[in-house]
Amino acid sequence: VMNTIAWLLVPSTVVILLPLAGLMWEVRREARARDTADDGNEELDDEDDERSQSQSPSQSQLPEVTRGKVAVLTMGVVCIVMVPVLKMATGLPPYLGMLLALGIIWFVTD
């Protein structure tokens with residue numbers, strides 16, 4: 001078991017670090033673009049100035065987080081985590097567990 005863990009540690013680390021590095025690069029690039037756009041818009045009305053002080057630009061563009069969205073996210077994560085449990089309890093292949101999870105999420109969100 002330890003050989004398998006050691007053998008999979010490096011690929012797993014690469015798989016998580018490369019996308020995170022890409023996301024960091026993209027966030028920095030968009031932050032620079034937003035800062036450049038903000039520098040060009042120095043002249044704001046009094047109302048716009050007050051509103052921009054109360055809400056940062058990133059907060060005004062974020063979608064609203066509702067209980068339904070949190071419930072669907074939680075249910076999706078629970079369904080994915082339950083796949084190995086279903087395999088151990090019933091002996092079914094993991095792809096059937098994933099199909100069951102997909103069906104449950106589809107049923108709930110439709």
Side-chain angles (χ1 to χ4, degrees):
V1 174
M2 292 305 291
N3 287 335
T4 303
I5 292 172
W7 185 65
L8 292 175
L9 185 64
V10 173
S12 299
T13 305
V14 169
V15 163
I16 194 146
L17 290 180
L18 285 178
L20 284 177
L23 284 173
M24 284 177 38
W25 177 76
E26 186 175 340
V27 166
R28 286 183 185 167
R29 184 179 53 123
E30 287 190 17
R32 281 191 216 127
R34 186 175 49 235
D35 289 342
T36 304
D38 288 344
D39 290 342
N41 297 331
E42 291 293 327
E43 298 177 11
L44 295 174
D45 294 333
D46 290 336
E47 290 179 16
D48 292 340
D49 194 26
E50 291 173 5
R51 187 175 56 218
S52 67
Q53 288 176 357
S54 65
Q55 290 182 350
S56 69
S58 62
Q59 288 177 347
S60 63
Q61 296 174 355
L62 293 176
E64 182 182 349
V65 178
T66 62
R67 283 186 178 193
K69 291 179 182 179
V70 172
V72 169
L73 175 66
T74 305
M75 189 179 337
V77 171
V78 167
C79 283
I80 290 172
V81 170
M82 291 302 289
V83 168
V85 174
L86 183 69
K87 182 192 179 336
M88 288 188 293
T90 63
L92 291 173
Y95 74 90
L96 288 178
M98 288 305 294
L99 284 174
L100 178 64
L102 177 66
I104 292 170
I105 295 297
W106 184 17
F107 179 76
V108 170
T109 58
D110 194 29

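Numbers here simply count residues along the sequence, with the first being 1. As the structure is a computational prediction, the values presented were derived from the model and not from experiment.
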- Query: CG/Leu100 to CD1/Ile105 distance, rounded to the nearest 0.5 angstrom?
  - Reply: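 Spacing of CG (Leu100) from CD1 (Ile105) equals 10.0 Å.
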- Message: Let me confirm one number: the CD1-OG1 distance from Ile104 to Thr109, rounded to the nearest 0.5 Å.
- Response: 11.5 Å
Which donor-acceptor pairs under 3.5 Å do side chains of residues 71-80 form with protein atoms, sequence neighbours excluded?
residue, atom, partner, partner atom, Å
Thr74, OG1, Val70, O, 2.8

Distance-only criterion, 3.5 Å: show the donor-acceptor pairs between side-chain atoms of residues 88-99 and protein atoms not counting sequence neighbours.
residue, atom, partner, partner atom, Å
Thr90, OG1, Leu86, O, 2.6
Thr90, OG1, Leu92, N, 3.3

- Message: Using side-chain heavy atoms (C-beta onward) and a distance below 4.5 Å, is Glu30 in contact with Glu26?
- Response: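 Yes, at least one pair of side-chain atoms sits under 4.5 Å.
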- Query: Looking at Lys69 and Glu64, what are the two nearest heavy atoms and their distance?
  - Reply: NZ-O, 2.9 Å
- Among Leu20, Leu18, Val14, find the residue that satisfies the side chain to side chain contact (heavy atoms under 4.5 Å, CB included) test when tested with Ile16. Leu20
- Query: Considering residues, nucleotides and ligands other than Arg67, do more than 12 of their heavy atoms fall under 6.0 Å from its CZ?
  - Reply: no
